[in-house]
Amino acid sequence: MSSKLEIEQQIINIAEESIALLKAQGEPFPDDIPIIQTEVPRDEKYGHISLNIAMQLAKKMGRNPREIAETIIQKMELSNTYVIKTEVAGPGFINFTLDNKRLFDELEVILSENSNYGKTNLDQPKSINVEFVSANPTGPLHIGNARGGAIGDTLANIYHWAGWAVSKEFYLNDAGNQIIKFGESLAARYLQIFDPEIPFPEKGYLGHDIIDLAEGYYKEFGDSLVHVTEDKRTETLIAYGLQINISNMKRDLERYRIIYDTWFHESALHNGGMIDDIIQVLTNKGDTYESEGAIWFRATNHDCEKDEVLIRANGVPTYFAADIAYHYNKLKTRNFDMAVNVWGADHHGHVHRLQMALKAAGIAPERLKVVLMQLVSLMKDGEPVRISKRSGKSITLSDLLDEVSVDAARYIFNTNNATTHLNFDMDLAIEQSNENPVFYVQYAHARIQSILRSVSSKAATCDFSLLTEKTELALIDKMTDFSKEINLAARDYDPSRMTRYAYDLATCFHSFYNACRVNCDEAGLREARLKLISACGFVLKSTLSILAVDAPDRM
RNA sequence: GCGUCAGUAGCUCAGCUGGAUAGAGCAACGGCCUUCUAAGCCGUAGGUCAUGGGUUCGAAUCCCCUCUGGCGCACCA
């Protein structure tokens, strides 16, 4: 019970019990007590943990917040805790000062749990499906997919550490209009091998990868598709192109350290009748109608501005219909408690209507959370790199990883909150210097391992209370935040917390390193410090593993 | 036009869902290596939290107006 997360929860419970007791004794506390939350005061003179509940209650009760705080403190049962001092301060904060023993106790926990330290469990097991990247298989993965991949994969790892049963999923859009367009583009490029005058479809895919695929087919199968029907040619080339593109995507993602549990094919929704099923569900609820030959979803009945087409007049389902069926499959058929999607911000208009369609189908919309990420600008030589998918000149994930290490890419894509625009500076990512935050964190780990190689431990036990230096205590304190950080990252769907935490922890270690010598003359202190840095190594490595960044032993 | 996300130090970003004196990194300036990795550490300087109002014990944080920027408003995905 000595991690920050546990101690804060314990104090919340004690405060709640105190208030309940006071209420039972006839004190005029309101029925709707606000949810009690802890804070960490900026200045240590205000203690280690602080509550503002008295100030929140003051208005409801019409009493002085400091008086309320005093009353609450008197009934708090703190005998079996690390609290050594309570105080009412300022306008009515209740401040708690904690015994350093909590740090030493937690150090023991870290050392015994090592690579499992920081994992928490939920009261009840919950399952979560994290879907990310889900790029069209009509071309290679680009730089935006790289950000989505880093965010989604890290988010999934965070949920795993927070105690959820996690499934990583890629939604493969292997059906629909863009696949037809893909096939027509391939067919044109294929025929152009024999007759360069053959026209290219107006809105076809211009990328060079399409030409490569067409030529690849020609090399393998020659002119076998020249004299067949158009449908047969397109169909064959689609199957050929998809198979190659999908296996290339898998290869590039694996290089990027992303392994999916499920590759969900959109075509399965069409072939398996799942789209028909969902339309039946919506129709049974009276939420569809027919107009101009199309079947519509009555979205205006569900807080949307306009109705949406589900089945086009030509009988082909829209992307929207497929997406409803897909999420119905996730949340109803496969029964995940939560579905999290990482989408580009350009899809934000789609979020609300999808949630509303799910609600119409009887699924609580809160079970679907969409993390919208802003797009990436790539900077090189101080200049923005133009990204145009249309012209086929986009930077691919594979190109990126040829220049930048996976470690740097995955770390940097998680430095900013997903909601903010990210400038990815190629020069900085390549640079091996103090400006590159990845190296800063990795360097801390390598330094630790270097010390552990050169200074040997001679005792099985040691006395952590010998650790009294400010930097020593600050380092342990930062380690005890680990599980709290994971839980906050999970709560906020924000993987960028982990890079910030890694950086802060590395800073605490570097400060300690410069202020204190591990290999010091006093044997007891040396043992304690060896254990200290060993524990720090575990936490650093775990943090980096959530980000799927290597923790090197040497640099 | 409507919706949406954002605007915090010269630059890139935090700010723990309303708390106490707004914080980091880079850039600038000044220090620290004959002992465990200087890819490091310590310090100085840098702010009208876009603007104006509102809510209250208390606002960078919540609400409204305005300004600026990104994105979206298809029988595309």
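All values derive from a computational prediction rather than experimental measurement. Chain A is the first sequence line, chain B the second, and so forth, proteins listed ahead of strands; every chain is numbered from 1. Computed over heavy atoms, backbone and side chain alike; hydrogens, waters and symmetry mates excluded.
- Side-chain N/O atoms of A/H348 and base N/O atoms of B/rC5 include no donor-acceptor pair closer than 3.5 Å.
- Residue contacts shown for A/N52 include a base, since a base heavy atom lies under 4.0 Å away.
- B/rU44 sits 29 Å from B/rU61 when the P atoms are compared, rounded to a whole Å.
- In this structure, A/K4 reaches neither bases nor backbone, as no heavy-atom distance under 4.0 Å exists between it and the strands shown.
- Between A/I412 atom CD1 and B/rG25 atom P there is a gap of 18 Å when expressed in whole angstrom units.
- Between A/N414 atom CG and A/R500 atom CZ the span is 10.0 Å, to the nearest 0.5 Å.
- Atom-to-atom, CZ of A/R497 to C1' of B/rA24 comes out at 14 Å; the value is rounded to the nearest Å.
- Residues A/K330 and A/E169 are not paired through a salt bridge, judged by the lack of any N-O separation under 4.0 Å between the basic side chain and the carboxylate.
- For the pair A/D494 CG and B/rA6 P, the interatomic distance rounds to 12 Å; values are reported in whole Å.
- Stacking is not found between A/Y503 and the pyrimidine-like six-membered ring of the B/rG25 base under the 5.5 Å centre-distance and 30° plane-angle cut-offs.
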**Message:** Test salt bridge (Lys or Arg N to Asp or Glu O under 4.0 Å) on A/K484 and A/E8; report intermediate values, then the result.
**Reply:** CA-CA 10 Å; A/K484 183 183 167 187; A/E8 288 182 355; 3.0 Å; yes
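- Between the side chains of A/T288 and A/T283, a donor-acceptor pair is found at a separation under 3.5 Å.
- Rounded to the nearest Å, the gap between the P atom of B/rC26 and that of B/rG72 is 36 Å.
- Between the CE atom of A/M555 and the P atom of B/rG40 there is a distance of 9 Å, given to the nearest Å.
- Residue contacts shown for A/E305 are limited to sugar-phosphate atoms, with no base heavy atom under 4.0 Å away.
- Across all strands, A/T419 comes closer than 4.0 Å only to sugar-phosphate atoms, never to a base (heavy-atom distances).
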Distances under 3.5 Å only, N/O to N/O: pair up the protein atoms with those of nucleotides 74-77 of chain B.
unit_1, atom_1, unit_2, atom_2, d
B/rC75, O3', A/R312, NE, 3.0
B/rC75, O2, A/A313, N, 2.9
B/rC75, N4, A/E292, O, 3.2
B/rC76, OP2, A/R312, NE, 2.1
B/rC76, OP2, A/R312, NH2, 2.3
B/rC76, O3', A/N177, ND2, 3.4
B/rC76, O3', A/R312, NH2, 3.4
B/rA77, OP1, A/R312, NH2, 3.0
B/rA77, OP2, A/R312, NH2, 2.9
B/rA77, OP2, A/Y319, N, 3.2
B/rA77, O3', A/Q178, OE1, 3.4
B/rA77, N6, A/R353, NH2, 3.2
B/rA77, N3, A/H347, NE2, 3.4

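- A distance of about 35 Å separates the C1' atoms of B/rC41 and B/rU48, rounded to the whole Å.
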**Request:** Test side chain to side chain donor-acceptor pair (under 3.5 Å) on A/H48 and A/T97 and set out the steps.
**Result:** CA-CA 5 Å; A/H48 298 105; A/T97 303; 5.1 Å; no
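- With a cut-off of 3.5 Å on both Watson-Crick or G-U wobble distances, the partner of B/rG18 is given as none.
- What separates NE2 of A/H445 from P of B/rU37 is a distance of 15 Å, to the nearest Å.
- Contact annotation for A/R500: backbone-only contact, meaning every heavy-atom pair under 4.0 Å involves sugar-phosphate atoms and none involves a base.
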